[in-house]
Each structure stands twice: as structure tokens, then as C-alpha cells.
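One structure is given below, encoded as C-alpha cells.
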Amino acid sequence: MSNIIRSIKGTHDILPEDSKKWQQLESTIRKITHQFGYEEIRTPIFEKTGLFSRSVGEDTDIVSKEMYSWEDRDNTSLTLRPELTAPVVRSFIQHNLGGLSPLQRLFYIGPLFRRERPQKGRQRQFHQYGIEAFGSPHPEQDAEVISLAYSLLTQLGLTNLNLKLNSIGSPECRAQYRNALQDYLRPFLNELSETSQKRFENNPLRILDTKVPHEIDIIKNAPNITDFLTHEDQAHFNSVQSFLNQLNIPFTCDPTMVRGLDYYTRTTFEITSSALGAQDALLGGGRYDKLVETLGGKATPAIGFAAGMERILLALEAETPFESYDSTDIYMVCLDESVLSVSIDLANQLRQAGKSVKMETLRRSMKAQMREANRSGATYAFILGENEIQNKTVVIKKLKEGNQETVLQTEILEKLK
RNA sequence: GUGGGUGUAGCUCAGCUGGUUAGAGCACCUGGUUGUGGCCCAGGAGGCCGUGGGUUCAAGUCCCAUCACUCACCCCA
């Protein structure tokens, strides 16, 4: 056991028992995104490193210490994607999707990589699904995106949800707020933690996120970003809120919620679940009206979110245990080597007719085969022995009811209708 | 990167203050039924007790180291 090769720290195999849950989650995602008119985009697993440092932000944790990066043979630095908004924006620009239609609604599902210390709800390879809506600067677009996020979680059956909403304004008013915040914090500078002191210069808004009790006290009286919003920002924010009210989506405003990525503007939001542990954010997102420009595209407002699929599954299991299902129709019980040829043939016919068929390939005892048939959840056991081969029949047993009948092999398909 | 917890069968775990052949339940296989599953009964297979070192007449048990897993901090999905 000590000598075997194990999966890499922070990565997990999704075994058949769990892959069913994933498939179920994915199909719900596809259903809901389709209802809202979003279409799937798939981008490569790795990108040039510069894509992330330019968009996510050089000073963020993701870029500064969590990326899996390496030098390719031509010395370009490549990185396993740590998030998906930047690649989607890159693709949007590269293929001029904005030119195809002034509004692009996209969704994605796929694995991401961050080199963090694993814990509950956090892995080094994990999966997100998310959506990005390019083109509209208007609050109804914000409401649509948030509504999609909320609908998905509630339709999955989650209840312990908490939607937090904030607006961090346009870059102009954020600069003003930044100054005001620095002015407020300067007298306390010596009392702040080392990390907060570092942030004071390069990203003071992040200090609002602090969990240090002493700093939380200081933050309490800090100026509020809401007071620095321009009239337009404020009107946008108010409008988003009233749309959400109209949709009966409960939310709370949290002016200290500053998302960890640099590219956000105006609306930011997050949905947490109280069914989870310390890592309780199911999804997070916001508007990023300047990112397309920053990456060299035509100025295009956009908004999206990313949701952690592992966390959604964790929350689901905490709230309502999944029921496992198996949709095998028929188990072919083979009593003797001499029946194999006929059995293979019948299984083939049944599959061509659309049935799901498992055939015994272990040559086990009949008892073991019947047990296996039962376990596999099959509706029918087809029993083939020497008698059946001689009479060109098959015994069809309904496993749930326990009754059985002998049917001519040529009439099997009729019988199953 | 920093702390805490835990490593015994495929899974969940017992194993008292060190004492001789290492245990249970579930799962698996075989049989009880010359060709019939679920329930029951009987039997079987499956462990270098995470790894390395130390103390001891004797270590799954005590000590040290190491690795792995896990939870939490930081931060995020």
C-alpha cells in the first residue's frame, strides 16, 4: 500500500457512485442555462500565463502563489487555468464574438487548478460551471445573471442559501473611495496585521475582508463604498435590487464584500450555503465592464459568475442525500459455456433495440449471477441454459415481482414491449 | 506557507494500563436449493496494524522521525 502511486494531493477520482451525481448536476446546469438562453463555450485547459496576471491581477493570491505555471520549450510561460473568466474573455476577443451579435450569453463547465492547501470544499483540481454575458451594461442583465444562479441552486433543492450583494462602483469612484479608506486607516496603520499593512498600499479594499477581530472593529467605522458611488452607479445598484425583489429573490447588501479578483466593477455578489464548512461560497461573481478592453478587445460591458461544483455537491449531500439509481434493463444469466454464443447474440439484438443489457462474463454460479442481476437493478433476468438452447427459448424473470415465463427467442422483442 | 487531528481488511471501526495464532459489522466468494436473486444459516478469502528507527524478554499498543490523509488559518468556487 505504501508503494503504490496515488493521485496528486488535492485531486480526486470521481468513482462510478459519484459520477452519477455529477451527471445529474451537469444535466440540471444544461437545462437551466438553456432556459435562460446561454450557450456552451469550451476553452483549453492551459493558457499563456500573462492572460491571468493581466486580468485577475498581479497582487491577487491566485496569481501570486497559486498558479501551476511552467516554461514551454520556446520559453513562453504557460499556466493551467486557475479560473475561467479570463480565458472566456480571451476567446470572446480572439473570435470577435461581439461582432457576431451585440449580446453574447455563454456558459462553461470544466476543471480548474490552484495550488492551495486542500481542505473541505477546496481542492487543487476542482470544477466550476459559470456564465458570462457580454454586451449589456444594464441592470436587467445583472438581475438575469443572478436569477440564473439562484434558480439553479434552488431547483437542485438547496435551501440554506444566502445571497450577498454589493456594488463597488466604477473605477473612478473606487479610486476616490480608495483614498478615503487609506485616509481613514492611516492612523491605525501600526495596529494592523502584516498582511493588511501590505494591502494598505497596493489593495486597501481587501482589508475590508479581514477576519482579525481587532481589525473588524476598526473597519466598522470605515467609510462606506456605497457613499462614494456616482449617481449612475447608485441608480444601477438600486435597479438591480428592485429587479431581484420583483423576482422574489432574497438578498442582503454587504458593503464589505470585496471579491478577490481585480477585474470587478459595480455589481458583485456571492451565494453561500450554511450547510457547508469554512469554505461556504457556492458561487461568486460580478460585473467586469473594463476587462474586455484591458485584454485588448473593444470596450464591452460584461457580467458573470463562477460556481464550485464540488461545493454544490457537498451542500446537496448535506441537505438531501442523493438516491442512487441503475437503469440496466436486462441481466443475461449464462448457465453453461455452451450458451455463450446464443447469449452474446441475444444481448446484441437487445442492445440494437435500445435496451441496456449486462451479460455475465465471469462464468459464476447461477446463484451468484442471480444475485448480481438483482444488485444491478435490472428489470429482467434472462436465463439461458441447455434446455433453452435446445428449445430456442429463454426464461424471462421479472426480478421485482419474482414471476417468470419461457419465451421463444424469436419473440423476445415483442414480449418486452 | 502555518497550526490541530487521524493512520489497523475494499468500507466503518474495536483492540483495556505493552503479553504470545489480529477482531467485529457491512461488502465480496462458496455452499445449504442436480438451473433461480433479495431474508436466514454455515463456511471461505482478504492485513508487513502508513513507513523507518528506538525502548523492551516482548510493540498494533510507548518514544522519535517521516509520509499520507483530514480539518482549520490565509484566500477563494
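Only this structure's heavy atoms are used, side chains among them; waters, hydrogens and symmetry mates stay out. Within every chain, numbering begins at 1; the chains are lettered A, B, ... in the order of the sequence lines, protein sequences first and strands thereafter.
A:M67 has its CE atom 18 Å from the C1' atom of B:G1, to the nearest Å. The nearest whole Å value for the distance from the CE atom in A:M366 to the P atom in B:G37 is 8 Å. Taking atom CZ of A:R117 as the reference point, atom P of B:G3 lies 9 Å away to the nearest angstrom. To the nearest angstrom, C1' of B:A77 lies 14 Å from CG of A:D61. Atom P of nucleotide B:C75 and atom CZ of A:F126 are separated by 17 Å, given to the nearest angstrom. The interatomic distance linking A:F305 (CZ) with B:C76 (P) rounds to 19 Å, in whole Å. The CG atom of A:L205 sits 12 Å away from the P atom of B:C76 (whole-angstrom rounding). For the pair A:L384 CG and B:G35 P, the computed distance is 15 Å after rounding to whole Å.
A distance of about 29 Å separates the C1' atoms of B:G10 and B:C16, rounded to the whole Å. Rounded to whole Å, the separation between the P atoms of B:A14 and B:C62 comes to 14 Å. Using P as the reference atom, B:C29 and B:G46 are 16 Å apart when rounded to the nearest Å. Comparing B:C13 with B:G35, their P atoms are spaced 42 Å from each other, to the whole Å. Taking the P atom of each, B:U17 and B:C57 are spaced 22 Å apart, rounded to whole Å. Nucleotides B:G60 and B:G52 have their P atoms positioned 13 Å apart, rounded to a whole Å. A gap of 28 Å separates the P atoms of B:C11 and B:C64, to the nearest Å. A gap of 25 Å separates the P atoms of B:U20 and B:U6, to the nearest Å.
Using cut-offs of 30° and 60° for the angle between ring planes, the A:Y380 and A:F382 rings count as perpendicular. In this structure, A:Y288 and A:Y264 have perpendicular ring planes: the angle between them is above 60°, well past the 30° mark.
Within 4.0 Å (heavy atoms only), A:A373 reaches no atom of the nucleic acid at all. A:L283 comes within contact range of the sugar-phosphate backbone alone, with a heavy-atom separation under 4.0 Å but no base atom that close. Using a 4.0 Å heavy-atom cutoff across all strands shown, A:Q404 reaches at least one base atom of the nucleic acid. Within the 4.0 angstrom heavy-atom criterion, base atoms lie near A:Q279. Backbone-only engagement by A:A368 is indicated by non-hydrogen atom pairs under 4.0 Å involving sugar-phosphate atoms exclusively. Residue contacts for A:E116: at a heavy-atom cut-off of 4.0 Å it reaches a base atom on one of the strands shown. The residue A:G130 sits apart from the nucleic acid: no heavy atom pair falls under 4.0 Å.
Taking 4.0 angstrom as the limit, A:Q119 places a side-chain polar atom (N or O) nearer than this to OP1 or OP2 of B:A72. In this structure, A:Q123 does not reach the B:A77 phosphate: none of its side-chain N or O atoms is under 4.0 Å from OP1 or OP2. The shortest distance between the side-chain N/O atoms of A:R364 and the OP1/OP2 oxygens of B:C29 is below 4.0 Å. Phosphate contact (OP1/OP2 of B:G35, side-chain N/O of A:K367, threshold under 4.0 Å): absent. Contact between the side-chain N/O atoms of A:R371 and the OP1/OP2 oxygens of B:U30 is found at a separation under 4.0 Å. In this structure, A:S365 reaches the B:G31 phosphate: one of its side-chain N or O atoms is under 4.0 Å from OP1 or OP2.
Pair check for B:C57 finds B:G19; Watson-Crick or G-U wobble, both atom distances under 3.5 Å. Both distances falling under 3.5 Å, in either a Watson-Crick or a G-U wobble arrangement, place B:U51 opposite B:A65. The base-pairing partner of B:A24, taking Watson-Crick or G-U wobble contacts with both distances under 3.5 Å, is B:U12. For B:G46, there is no paired base (Watson-Crick or G-U wobble, both distances below 3.5 Å). Nucleotide B:C73 forms a Watson-Crick or G-U wobble pair with B:G1, both donor-acceptor distances falling under 3.5 Å.
Contact annotation: side chain of A:R6 to base of B:A68, donor-acceptor pair absent below 3.5 Å. Contact of A:R311 with B:C76 (side chain to base): a donor-acceptor pair of N or O atoms is detected under 3.5 Å. The base of B:G35 has none of its N or O atoms less than 3.5 Å from a complementary donor or acceptor on the side chain of A:D336.
Of all nucleotides listed (B:C74, B:A72, B:A77), B:A77 comes nearest to the side chain of A:A306. The listed nucleotides are B:A77, B:C75, B:G37; the one nearest the side chain of A:N374 is B:G37.
Across all non-hydrogen atoms, the minimal contact from A:R115 to A:Y68 is CG-OH, 3.4 Å.
Residue-to-nucleotide proximity on RNA chain B shows that, of A:M309 and A:K9, the 5′-proximal contact is made by A:K9. Comparing A:L282 and A:P118, the nucleotide of RNA chain B nearest to each residue sits closer to the 5' end for A:P118.
Atoms CD1 and OG, on A:I225 and A:S167 in that order, are 7.5 Å from each other to the nearest 0.5 Å. Taken from SG in A:C334 to CD in A:E388, the straight-line distance is 11.0 Å, to the nearest 0.5 Å.
Remark: A:E310 does not engage A:R122 in a salt bridge, criterion side-chain N to carboxylate O under 4.0 Å. Salt-bridge annotation for A:E372 and A:R364: present, with a side-chain N of the basic residue lying under 4.0 Å from a carboxylate O of the acidic one.
For A:Y150 and A:F305, the gap between ring centers reaches or exceeds 6.0 Å.
For the pair A:S343 (side chain) and A:V339 (backbone), a donor-acceptor distance under 3.5 Å is absent.
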